[in-house]
Amino acid sequence: MLKITCPNCGERHYTEFRYAGDASRQRPVHGTTDPRAWHDYVFLFDNPKGAHREYWQHVLGCRQWLILERNTATNAVGRSWAAGTAEPAP
Amino acid sequence: MTERYSALALARHALTGEAWPRAWRSADPKSGYDVVIIGGGGHGLATAYYLAANHGVTRVAVIERGYIGSGNVGRNTTLIRSNYMMDGNTQFFEHSLKLWEGLSHTLNFNVMVSQRGQVVLAHGPSQLDVLARKGNIMRLNGIDAELLDRGDVMRILPYLDFSDQTRFPIHGGLLQRRAGTVRHDAVAWGYARAADRFGVDIIENCEVTGFTSEGNRITGVRTTRGEIRAERTAISVAGHSSQLAAMAGLRLPVESHILQAFVTEPIKPFVDHVISFGAELFYISQSDKGGLVFGGHIDGFNTFTQRGQFPKVQNVAECAVALIPSISRVRLLRHWGGIQDMTPDGSPFIGRTPRDNLFLNGGWCYQGFKATPATGWCFAHTIAQGEEHPLVRHLALDRFTRGNGFDEYGLGQWTYRQ
């Protein structure tokens, strides 16, 4: 089973978490008026077969949002860290 | 040339012991075609068949990375139905169901269409109101639908849990008698054979590695078996639409997710209908071999591995037992996963793309199999005419740019919640 390391709670089954999409997408800066930029941000996905960086929330635990590295071709998980904090040094 | 299947041919082969000819030729790629279809699944093969049968376009190649029937056409739960509510979907899926009804004759291949009826259950008055509204919309479109109260469901499906203890008491349901199941492998083989009879080349074990282009116009494909020129190129590749589109420089509103399906050991005929649970996404039917076939939601995060996670197995088994307690001791025989395109509104794309002469069919979420004949019909029209078939205009790739997302279930723009 997929296991995810929560920065607060340690390694847990993925069923305690909720997936929340690609974390590499950059929200357009506030005040952007080009609808195309917002469309691309909301609706388009790179959907890579391989390395992926994504949001999860520990909804059945401490409710921390986190960023997880996972390979979508194998489901092998890599590093994880609290969303909103700096990416740890590799 | 393949031989026509008939009772007479069956008798002749039985008496003489003469071997049956193979159902379709093993074709080598030619240097160029009018249309190249990438993806030899049900949709790709149906598109090739209708291009030839409806539009007279026979210089067509279907290119398949694996072998025919290895993808999602053989991984679904084989259900067909047309109980959709939103204008556009209602007519499209009814067109599909009508094509299913005559498909064995059309293809001269027994696809074993079994119109055993589908019951969608309601577990409370408000849910039954929603089903009544959907049933009314279906009937206004000339589609059969019958509203059932608790007593009706008890008579038709007496083995469901009608006890006082059940967490989700059954309040009623909506029955579509023309819904049912189809033998899915036969759909792939039947379309492949019928397309082959028109001269369509079906090229297996051939992977597309890129496109050739002149300016904005796509002029063909690069494959592991050489370059193939094409006047028009069509993508119909289920879980890998994003990867193919990326080769043409396009990003799609698609995320790939795994959907699991399950079959139990065979038991005697028991579940005579297709039943959809109303309290969770769960659907069950019984195959001709006796196995209970069922499925549920996607696992919930994007992946390309065709292996599902165990908690989903548990969840689906819980649904099965909540609905039909008597099957709690039946053992699961197999379970498997298929990778499907999930879109922000749960609806697919059939139509043109920003690249000239490149067409896309994808984003099918849960509903690809039942749509196979109508997709082939409408996608073939779109490719041949260069303009979307009226039945699929609501499924254009650029609909989000116009604010026309088509969300049948009203779930919002999250691929993983559809």
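Reminder, nothing fancy here: chain letters follow the sequence lines and each chain counts from 1. From a predicted model like this one, the values you see are computed outputs, not experimental measurements.
For chain A, the nearby parts of Glu255(B) are the backbone and the side chain; heavy atoms of each come within less than 4.5 Å. Of the atoms belonging to Trp56(A), it is side-chain heavy atoms, and not backbone ones, that fall under 4.5 Å from chain B. For His52(A), the part lying under 4.5 angstrom from a heavy atom of chain B is the side chain only.
In the displayed structure, Arg307(B) atom CZ is contacted under 6.0 Å by at most 12 heavy atoms of other residues, nucleotides or ligands. The 12-atom threshold is not exceeded at CZ of Arg167(B), counting heavy atoms of other residues, nucleotides or ligands nearer than 6.0 Å. Within 6.0 Å of the CD atom in Glu87(A), the count of heavy atoms belonging to other residues, nucleotides or ligands exceeds 12. Remark: Tyr67(B) OH is loosely packed, at most 12 non-hydrogen atoms of other residues, nucleotides or ligands lying under 6.0 Å away.
In this structure the side chain of Phe301(B) never reaches within 4.5 angstrom of the side chain of Glu54(A), judged on heavy atoms. The shortest distance between side-chain heavy atoms of Pro311(B) and His13(A) does not fall below 4.5 Å. For the pair Asn47(A) and Phe304(B), the minimum side-chain heavy-atom distance is below 4.5 Å.
Distance check: Ser256(B) OG to Lys49(A) NZ gives 9.0 Å after rounding to the nearest 0.5 Å. Atom CD1 of Ile258(B) sits about 12.0 Å away from atom OG1 of Thr72(A), to the nearest 0.5 Å.
A ring pair (Phe, Tyr, Trp, His ring centres under 6.0 Å) with Tyr416(B) holds for exactly one of Phe45(A), Tyr55(A), Tyr19(A); it is Tyr19(A).
Between chain B and the options Thr15(A), Asp46(A), Thr74(A), the largest number of non-hydrogen pairs under 4.5 Å is found for Asp46(A). Here Val254(B) is the residue among Thr415(B), Val254(B), Ile339(B) with the most heavy-atom pairs under 4.5 Å with chain A. When Pro35(A), Gly50(A), Ala73(A) are compared by the number of non-hydrogen pairs under 4.5 Å with chain B, Ala73(A) comes out ahead. Counting heavy-atom pairs closer than 4.5 Å to chain B, the top-ranked of the candidates Arg70(A), Arg18(A), Arg36(A) is Arg70(A).
Using a 4.5 Å cut-off between non-hydrogen atoms, the part of residues 341-348 of chain B that approaches chain A consists of Pro344(B). Residues of residues 391-401 of chain B placed with any heavy atom under 4.5 Å of a heavy atom in chain A are listed by number as Phe400(B), Thr401(B).
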